[in-house]
Amino acid sequence: MSDTKTNDTFVRDIKNQKLKSDITNKLNKKEAKLALLILSSIEREGKINHQTIQELANKVFEDDKL
Amino acid sequence: MRLLTLKLENYRRFIGKHEIEFANDIEKNVTIIRAENGAGKTGILMALLFGLFGIVKYDQFQIDNDDDVMVSRPLLSLGKSATAKVEIEFFSDNSKYKIVREVTANNLNNKIYQDNANIKIKFYKDGLDQFSNKEEIDQFMNNLIGENIRSFLFFDGVRYMDLFKKPTRESKKELKKIIEKMLNIDDLDKTTEGIKYLKATLSENTNDTKLNTDRRDLLNKKLELVGKRNSIEETINEFERQNEEHKENLEIHEERLNEYLAHEDKIKELEELNKNHDRVDSSIKMAISMIKRDSDKLFTDNILFSFGNEVREELEKLAISNNQTISLVENILQSNKCICCDEPLDEKRRTNLTNLLSTMRSEEHNDSGMLSINAEFVLRAINDSKNSDDFFLEQTRILEENIELKNSIYNEILKLKDEFPMVDLERASSDSSEAKSSYSMVKARIEFNETEIEKRQKELDEISEKINKVNEEIEDVDRQIAALNNEKEKFELYDSTIKKLLKLKEEYLIEAQHNISERANEYFMKLLSQDDRASIRSLKINKDYQIEAYNNLEQEVFADLSAGQKLLASMAFTMGLTAVAANAKPTTNFPLVMDTPMSNLDKANRERLINTMPDAVIQWILTPMDTELTLSEISVFDKTNKVGKIYSLVKSDETSKILEHQSLSAYEEVF
């Protein structure tokens, strides 16, 4: 048995890579953008920051209008 | 990750300092901590949870709230305080870590207060202080062993038996929760939760009927106003068009007037001459008329004059005689005496004289009187006839003068006209008054129209202002509608994203169920006896999070399994879950701590468990009850040659001690 690197960060990275890939493939462009931005903010901050996700959502809509 | 040591100081039943060293060798990875009930087995597990993760509440264990107090109670007599310390060393990613937590409690009025808000913590990596604050340490530990895996680190046989044994709604829900945690889809859940929050922030009132009605009303109002405006504009245009025409006419009239004004003096002179001419002509006509009238009289007068001179004397006499007679009679009547006898007149004579006088005075009945009057008239006529001649001569003279004047004026007119042969002065003169009149009229019309235009313009301005207001209102409503549509768009996006993320999660769960079933089945088959394997073909978790076991005939037989088989099934599932959670094959890469793992297993099953587990996990720490670790189990453990450390917890009143045994045989000797 070996103590390979399977800590939570690693697992999380693996899982979220798959999650991001699935979000990109299974949601439409706008939905995926919204979900990925929020997911990234949660990864970054470790929690749901209402203000951040509100800003990100607004950004999705603003970008869409451009 | 592998646990190295656990050091306790004044922790629960363990007053003073105690230490457990875990078997962490690859060949010998089993640590046995044997204890009888109440000796502190569960305390050891809680110390691990507290030390590693700072967990102070133990929902996982069915304990009283009082057991949340970690500081040894015997040290907390009235008014006293004490500190519990837990120190854990572990190995991960080629580094050695040490984490130390201390918590203080005190006894106030026989009530214990533990200061969980001020737990002291220290963290070392390879002997060096690693982090300065709790958050960083928690973050590190969370990354090392996520919450999704923690629950599998500590296998509570009783709890898992309950979980898998009773397919209740709660147990299914809990199993689902465990699998969700295991899947590490927290971030997916948080993302979904975040979008749900966004959706919840949107106004629930997405009904735009009122706004659309308002908009329609405003548009109708605007349409009406625009109609009015157009009508007024048309009117103004019509006035302006008329004025253009009028102004063109005015120009013509002005031209004519200017033409008139250019020869105004001459035209006035001509007019004056014409007037004089007419006046003279009129005088001539009158003179002619009078001459004509008087010519007859003149002729009569001439005759009368010639004749009158011959009869004048007689006529004068006649006139005198009659008058004398009247005077005589009047005197006689007045004197009342007869002219011949001087005697008074008698009545008869007087009457006769009176009648005679009356008759003489009467023109109709007294020829003499008549004659006298006519004579006088004739005499006057004769006298006047001289004057007639003079008057006639005068009239003739005037006539001659006027004719001469007229000719003179006429000559002047001709002369004037000859001076301006290119201008029809007479026509200009006659047109000028018409031009003046037309000019004034047109000008008045233009002024009228301009006044009307001004009035209409005011109305137009008012209506335009109203239209602007309505436009503003429409814009406002449009903005509201746009905002609403924007909200709708957001709502729809959030909603569809949430649905797809939930679907994604569902797909993950289904996939996880499949994988867990597959892995659990592998472990289950290893744990089952050969005879059992012949009858039980597979184990799986169905979509309702219920464990199912199938026999060779593909019949579901989980309910028919023995208690021991069910425990093995729950262990297999736990290991399957852990394996999937850790995404590792074929072993889990963190320690598996099992509390009373063999209580419900028979001898054969215990033997298979003991033979299977050391190779299935990186480190196996088990806390069996004394009844689970009989000579028989010790013998099996001994044969596996996997047991590296063996301890027993010995209780005495309120305290316990940890005894280490050098080997299984040494342990065997003690018990």
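Numbers restart at 1 for each chain; the letters A, B, ... are given by sequence-line order, proteins then strands.
Between F131(B) and F123(B), the ring planes lie tilted relative to each other; the angle falls in the 30° to 60° range.
Ion pairing between E522(B) and R519(B) holds under the 4.0 Å rule for side-chain N and carboxylate O. Ion pairing between E21(B) and K645(B) holds under the 4.0 Å rule for side-chain N and carboxylate O.
By the 6.0 Å contact criterion, NZ on K526(B) is open, its count of non-hydrogen atoms from other residues, nucleotides or ligands being 12 or less.
Of the atoms belonging to N28(A), heavy atoms from both backbone and side chain fall under 4.5 Å from chain B. In this structure, no portion of L37(A) lies under 4.5 Å from any heavy atom of chain B. Neither the backbone nor the side chain of N25(A) comes within contact range of chain B; no heavy atoms are under 4.5 Å apart. Neither the backbone nor the side chain of K503(B) comes within contact range of chain A, judged by heavy atoms closer than 4.5 Å. Of the atoms belonging to E27(B), not a single heavy atom falls under 4.5 Å from chain A.
Evaluated for a salt bridge (Lys or Arg N to Asp or Glu O under 4.0 Å) with D495(B), the options K488(B), K490(B), K199(B) yield exactly one hit, K199(B).
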